[in-house]
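The structure appears right after this line, and notes come after that.
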Protein chains: 2
Amino acid sequence: MLTQKAKYAIKALVYLAQNEGLAKTKDIAETARIPKKFLESILLELKSHHLVESVQGAHGGYRLLKKPADISLADIHRMFEGPIALLYCASLNFYKPCPDCEDVESCQLRRAMIHVRVQTLRALQDITLQRMVEGEGFARQE
Amino acid sequence: MLTQKAKYAIKALVYLAQNEGLAKTKDIAETARIPKKFLESILLELKSHHLVESVQGAHGGYRLLKKPADISLADIHRMFEGPIALLYCASLNFYKPCPDCEDVESCQLRRAMIHVRVQTLRALQDITLQRMVEGEGFARQE
DNA sequence: CTTTAATTCTACTAAATTTATAGGATTTAA
DNA sequence: TTAAATCCTATAAATTTAGTAGAATTAAAG
């Protein structure tokens, strides 16, 4: 399950993908029904990950730094939830061997979790901000 | 990511699938490196879900109630982690509409999460205790 | 130069969840 | 009657989650 924070991050990014130009925290918060103070910290985190940029002062706000087609749910998941895999030992980006595992290579649990991660990752990569805004399905293209 | 508890549950079930007849908590705990007291509560939970049965008293222990081919990671995940979907609104078994969602049917976020859930669920259903014990791959059969 | 509206920064907190542990009650075989 | 096992209730430390509070900083506009 996603945390509220990750869900809010996705909704904020979808808002930014739909509204070109600068968007104010206040407007995003009201439209997407996100607590404003919480959203502030989320936007700063998105900024630190170079997904958005900000303009300070009056008439300031946030905008996307990348094209909506270049931001996928896999990216957002990794930023706010960490590994897509169900165990660190099955992760691509957050790999850690289990402290108690005898042989990582032959571990059946790991093999199973890699199978799951491959499928989940593909599904998450299928979904870009652009596709979410377009409103079409998410079947994989050929 | 899985909780330790869910990971322990899987390891305990794999142990039971590998060892027919009664298995003692102590033996499972030592072999699978699970804190014994924690494992006790996990086995009781598995029992309440009718995945295992127990025999009390001296020479007691636990055994599987179902065939290893009939227990998948999807089942175990739902027992210990809840929804396989990333949001309740995209779940089959734990469906709840988002409290703030205007129209569940047209929600793009939900559509995306259903796409992810379909893929993850299939992957988790692919993996049965039998397959984990057999030690082969988990590619989908035709 | 002052006001206003926005982002940025630091700190704090309440609640829930996770990961167990403690200790005894109960059951059954030998 | 003893020993070995499951079963039950309660507790607790650590971590994570989901925020909130309040002030500092920045910049546009008059």
Side-chain angles (χ1 to χ4, degrees), chain A residues 1-12 16 19 21-30 32-65 77 79-83 86-88 94 98-100, chain B residues 1-12 16 19 21-30 32-49 51-65 77 79-83 86-88 98-100:
Chain A
M1 294 281 290
L2 289 187
T3 57
Q4 282 289 95
K5 191 177 181 181
K7 181 182 167 186
Y8 290 158
I10 297 168
K11 290 181 80 173
L16 291 177
N19 298 272
L22 285 178
K24 294 168 194 169
T25 305
K26 193 179 170 228
D27 293 339
I28 304 172
E30 284 169 5
R33 306 197 195 182
I34 303 170
K36 180 165 174 275
K37 274 292 193 178
F38 199 14
L39 178 59
E40 280 180 17
S41 66
I42 291 167
L43 287 167
L44 286 173
E45 203 167 336
L46 286 169
K47 186 183 163 186
S48 79
H49 284 290
H50 308 291
L51 274 199
V52 306
E53 63 183 352
S54 69
V55 174
Q56 286 198 356
H59 298 100
Y62 291 91
R63 71 167 74 91
L64 287 183
L65 254 182
H77 191 285
M79 282 173 201
F80 288 90
E81 302 280 4
L86 291 172
L87 295 176
Y88 283 108
F94 298 84
C98 296
D100 58 318
Chain B
M1 293 280 292
L2 289 188
T3 57
Q4 282 289 96
K5 192 176 182 181
K7 181 182 167 186
Y8 290 159
I10 297 169
K11 290 180 81 173
L16 292 176
N19 298 272
L22 286 177
K24 295 167 193 166
T25 305
K26 192 178 171 231
D27 293 339
I28 304 172
E30 284 170 4
R33 306 196 195 181
I34 303 171
K36 181 165 173 275
K37 276 292 195 180
F38 199 13
L39 178 59
E40 280 180 20
S41 67
I42 290 167
L43 287 167
L44 286 174
E45 203 166 334
L46 286 169
K47 187 183 162 187
S48 78
H49 284 291
L51 273 199
V52 306
E53 63 183 352
S54 69
V55 173
Q56 285 199 358
H59 298 101
Y62 291 90
R63 72 167 75 89
L64 287 184
L65 255 183
H77 191 284
M79 283 174 201
F80 289 90
E81 303 280 7
L86 291 173
L87 295 176
Y88 283 108
C98 295
D100 57 319

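Proteins come first, then strands; the chains are lettered A, B, ... in the order of their sequence lines, and each starts at number 1. For clarity, every value in this text was computed on a predicted model and none was experimentally measured.
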Taken to the nearest whole Å, CD/A:Glu53 to C1'/C:dT7 is 14 Å

Side chain to side chain, A:Phe80 and A:Leu46, heavy atoms closer than 4.5 Å
yes

Ordered by number, residues from residues 41-49 of chain B within less than 4.0 Å of DNA chain C (heavy atoms) are none

Per-nt protein contacts along nucleotides 24-30 of chain C (heavy atom under 4.0 Å; B base, S backbone sugar-phosphate only, - none) come out as B--BBSS

### Message
Evaluate B:Arg63 against B:Glu53 for salt bridge (Lys or Arg N to Asp or Glu O under 4.0 Å), listing each step before the verdict.
### Response
CA-CA 6 Å; B:Arg63 72 167 75 89; B:Glu53 63 183 352; 2.8 Å; yes

So CG of A:Leu22 and OG of A:Ser54: to nearest 0.5 Å the spacing works out to 9.0 Å

task = Count the heavy atoms belonging to other residues, nucleotides or ligands that lie under 6.0 Å from OH of B:Tyr88, then report whether that count exceeds 12.
result = no

At under 4.0 Å, does any side-chain N or O of A:Thr3 touch on OP1 or OP2 of D:dT16? no

From CD of A:Gln4 across to P of D:dT20 the rounded distance in Å is 12 Å

Margin query: Any side-chain N or O of B:Tyr8 below 4.0 angstrom from OP1/OP2 of C:dA20?
Written below: yes

Closest non-hydrogen atoms of B:Gly60 and B:Lys24, given as atom of the first, atom of the second and distance, are O-CG, 3.8 Å

Phosphate OP1/OP2 of D:dT6: any B:Thr25 side-chain N/O under 4.0 Å: yes

* Asked: Is the distance from OP1 or OP2 of C:dT19 to the nearest side-chain N or O of B:Lys5 less than 4.0 Å?
  -> no

Rounded to the nearest 0.5 angstrom, the OH-OG distance for B:Tyr8 and B:Ser41 is 11.0 Å

When you compare the side chain of A:Asp100 with that of B:Lys11, does any pair of heavy atoms fall below 4.5 Å? yes

- Side chains of B:Lys36 and B:Glu30 in contact at under 4.5 Å (non-hydrogen atoms): no

Taken to the nearest whole Å, CG/B:Asp27 to P/D:dA4 is 13 Å

Can you check whether B:Met79 reaches B:Leu51 side chain to side chain, under 4.5 Å on heavy atoms? yes

Using a cutoff of under 3.5 Å, can you pull out all pairs of nitrogen or oxygen atoms linking the protein to nucleotides 9-11 of chain D, with atom names and distances?
none

Note: B:Lys7 and A:Cys98 closest approach over all heavy atoms is NZ-SG, 3.4 Å

In whole angstroms, the gap separating C1' of D:dT6 from CG of B:Leu16 amounts to 14 Å

Whole-Å distance, B:Met1 CE to D:dT17 P, equals 12 Å

### Query
Are any non-hydrogen side-chain atoms of B:Glu81 and B:Leu2 less than 4.5 angstrom apart?
yes

When rounded to whole Å, the CG to C1' distance for the pair A:Leu39 and C:dA6 reads 13 Å

Separation of D:dT16 atom C1' from A:Phe80 atom CZ, nearest Å, is 16 Å

* Check for a donor-acceptor pair, side chain of A:Glu40 on one end and backbone N or O of A:Thr25 on the other, with a separation under 3.5 Å. => no

Short side-chain N/O contact from A:Tyr62 to OP1 or OP2 of C:dT8, under 4.0 Å = yes

Whole-Å distance, A:Leu22 CG to D:dA28 P, equals 11 Å

